[in-house]
Amino acid sequence: MPVIVDKIADALHLQSHKSTFDSNVTVIFVLGGPGAGKGTQCARLVEDFAFCHLSAGDLLRAEQHREGSEYGQLIQTCIKEGTIVPMEVTVKLLEKAMTATLEKHKSGDGWADGRGRFLIDGFPRKMDQAEMFEHDVGKATAVLFFTTTQEVMLERLLERGKTSGREDDNVESIKKRFNTYKDQTMPVIKHYEKLGKVIEIDSSVSIEEVHQKTKSAVANLLSGSTA
């Protein structure tokens with residue numbers, strides 16, 4: 001009997017739980033393998049639609065170097081090994097960044113009356129991350145999924161590594177990231193495909209071609225959600 005009571009209590013808690021942000025806040029997850037071009041296209045979409053672009057990787061890299069951070073050493077180890085940082089850390093950093101952005105009362109389309117538009121780049125990388133974010137922070141409106149070959153991604157990352165200064169832009173870390181992406185992130189894509197939320201874009205072509213396809217898809221999405 002106590003077990004049944006506990007299960008009922010857990011169910012009631014889930015039903016009554018309210019995430020931080022409601023449907024007024026548009027959240028688009030941006031996924032794709034390492035080097036698929038996510039960051040480049042997010043920068044274009046910010047200009048096109050006044051999105052706030054949040055890179056989970058950038059937030060983690062900034063946190064690892066923040067003086068006094070309790071997560072710094074942990075994040076550094078995960079990045080070096082190409083493994084995934086514990087979801088509680090990543091979700092909390094994203095939530096704090098979104099809250100700070102909304103408190104600034106940005107102007108432009110999609111930001112009036114408590115609304116907001118966020119591109120969350122490189123997240124979620126695992127199903128439990130997706131579940132925690134949607135439970136605690138808010139529902140994803142859509143997933144932009146950029147696809148290309150592993151050969152193209154490797155070439156792009158090695159070229160970027162010449163100037164990026166990123167600790168994980170080397171062959172050994174890149175191969176680990178590819179394996180992590182295949183094993184843990186692809187199930188996330190499959191989950192959102194079943195929900196009809198995935199917008200797949202071939203990013204093998206030129207940056208401008210990818211931009212035009214992405215811009216058109218996002219414009220359709222936003223006009224549909226507004227309607």
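In this chain, numbering begins with 1 at the start of the sequence shown.
Under the 4.5 Å side-chain criterion, counting only non-hydrogen atoms from C-beta, Val27 is not in contact with Arg117. Using a 4.5 Å heavy-atom threshold, the side chains of Asp202 and Phe146 count as separate. Using a 4.5 Å heavy-atom threshold, the side chains of Glu95 and Met98 count as separate. A 4.5 Å side-chain heavy-atom check between Val89 and Leu60 finds at least one atom pair inside the cut-off.
Between atom CD of residue Glu63 and atom NZ of residue Lys96 there is a gap of 6.5 Å, rounded to the nearest 0.5 Å. Taken to the nearest 0.5 Å, the CD atom of Glu209 stands 11.0 Å off from the OG1 atom of Thr214. Here the CG-CG distance, from Leu59 to Leu93, works out to 6.0 Å after rounding to the nearest 0.5 Å. Within the model, atoms CD of Gln129 and CD of Gln184 stand 8.5 Å from one another, a figure rounded to the nearest 0.5 Å. With values rounded to the nearest 0.5 angstrom, Thr147 atom OG1 is found 12.0 Å from Leu31 atom CG. With rounding to the nearest 0.5 angstrom, the CE atom of Met87 is 13.5 Å from the CZ atom of Phe133.
In the hydrophobic clustering of ILVMFWY residues, with side-chain heavy atoms under 4.5 Å counting as a link, Met127 and Ile189 come out together. Ile207 and Val46 fall into different hydrophobic clusters, where Ile, Leu, Val, Met, Phe, Trp and Tyr are joined by side-chain heavy atoms under 4.5 Å apart, directly or via other members. Note on Ile120: it clusters hydrophobically with Met132, by side-chain heavy-atom contacts below 4.5 Å among ILVMFWY residues. Leu222 and Ile199 fall within the same hydrophobic cluster, where Ile, Leu, Val, Met, Phe, Trp and Tyr residues are linked whenever their side-chain heavy atoms come under 4.5 Å apart, directly or through other members. At a threshold of 4.5 Å between side-chain heavy atoms, the hydrophobic network of Ile, Leu, Val, Met, Phe, Trp and Tyr places Val30 and Val152 in two separate groups.
For the pair Phe49 and Lys215, the tightest heavy-atom approach, listed with the atom from each and the gap, is CZ-O, 3.5 Å. Annotation for Cys52 and Thr101: closest pair SG-OG1, 3.6 Å, computed over non-hydrogen atoms. Smallest separation of non-hydrogen atoms from Arg160 and Arg177: NH2-NH2, 3.8 Å. Val85 and Cys78 get closest at one heavy-atom pair: CG2-CB, 3.7 Å. Counting all heavy atoms, side chain and backbone alike, Thr148 lies closest to Ala36 at CG2-CA, 4.2 Å.
Aromatic ring centres of Trp111 and Phe118 lie closer together than 6.0 Å. Under the 6.0 Å cut-off for aromatic ring centres, Phe145 and Tyr192 do not qualify, their centroids lying 6.0 Å or more apart.
More than 12 heavy atoms of other residues, nucleotides or ligands sit less than 6.0 Å from atom NZ of Lys197. When the shell of 6.0 Å around CG of Asp109 is examined, it contains 12 or fewer heavy atoms from other residues, nucleotides or ligands.
Between Asp128 and Lys126 there is a salt bridge, since a side-chain N of the basic residue sits under 4.0 Å from a carboxylate O of the acidic one. Ion pairing of Lys175 with Glu172 is absent here, as no side-chain N (NZ or NE/NH1/NH2) approaches a carboxylate O to less than 4.0 Å. A salt bridge links Arg44 with Glu208: the distance from a Lys NZ or Arg NE/NH1/NH2 to an Asp or Glu carboxylate oxygen falls below 4.0 Å. Ionic pairing of Arg156 and Glu159 is not present here: no N-O contact between side-chain nitrogen and carboxylate oxygen is shorter than 4.0 angstrom.
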Decide side-chain contact (heavy atoms from CB on, under 4.5 Å) for Gln41 and Val210; before the verdict, give the C-alpha distance in whole Å, the side-chain angles of both, and the deciding distance to 0.1 Å.
-> CA-CA 8 Å; Gln41 294 305 321; Val210 177; 3.5 Å; yes
Could you check Phe29 against Thr141 for side-chain contact (heavy atoms from CB on, under 4.5 Å), going step by step and ending with a plain yes or no?
-> CA-CA 8 Å; Phe29 293 145; Thr141 306; over 6 Å; no
Starting from the C-alpha separation in whole Å, work towards a yes-or-no answer on side-chain contact (heavy atoms from CB on, under 4.5 Å) for Thr180 and Ile84.
-> CA-CA 8 Å; Thr180 299; Ile84 293 175; 3.8 Å; yes
Walk me through it: do Asp121 and Leu54 pass the test side-chain contact (heavy atoms from CB on, under 4.5 Å)?
-> CA-CA 6 Å; Asp121 173 4; Leu54 296 177; over 6 Å; no
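Side chain of Ser216 to main chain of Lys213: no donor-acceptor pair is present (N/O by atom type, distance under 3.5 Å, no hydrogens or angles). Of the possible donor and acceptor atoms, one in the side chain of Thr20 sits under 3.5 Å from a partner among the backbone N and O of Asp136. Checked by atom type and distance alone, the side chain of Ser69 never pairs as donor or acceptor with a backbone atom of Gln64 at under 3.5 Å. Side-chain N or O atoms of Lys38 include one that pairs as donor or acceptor with a backbone N or O of Gly32 at under 3.5 Å. Without hydrogens or angle criteria, Thr185 side chain to Arg125 main chain gives a donor-acceptor distance under 3.5 Å. A donor-acceptor pair under 3.5 Å links the side-chain atoms of Glu134 to the main chain of Ala140, judged by distance alone.
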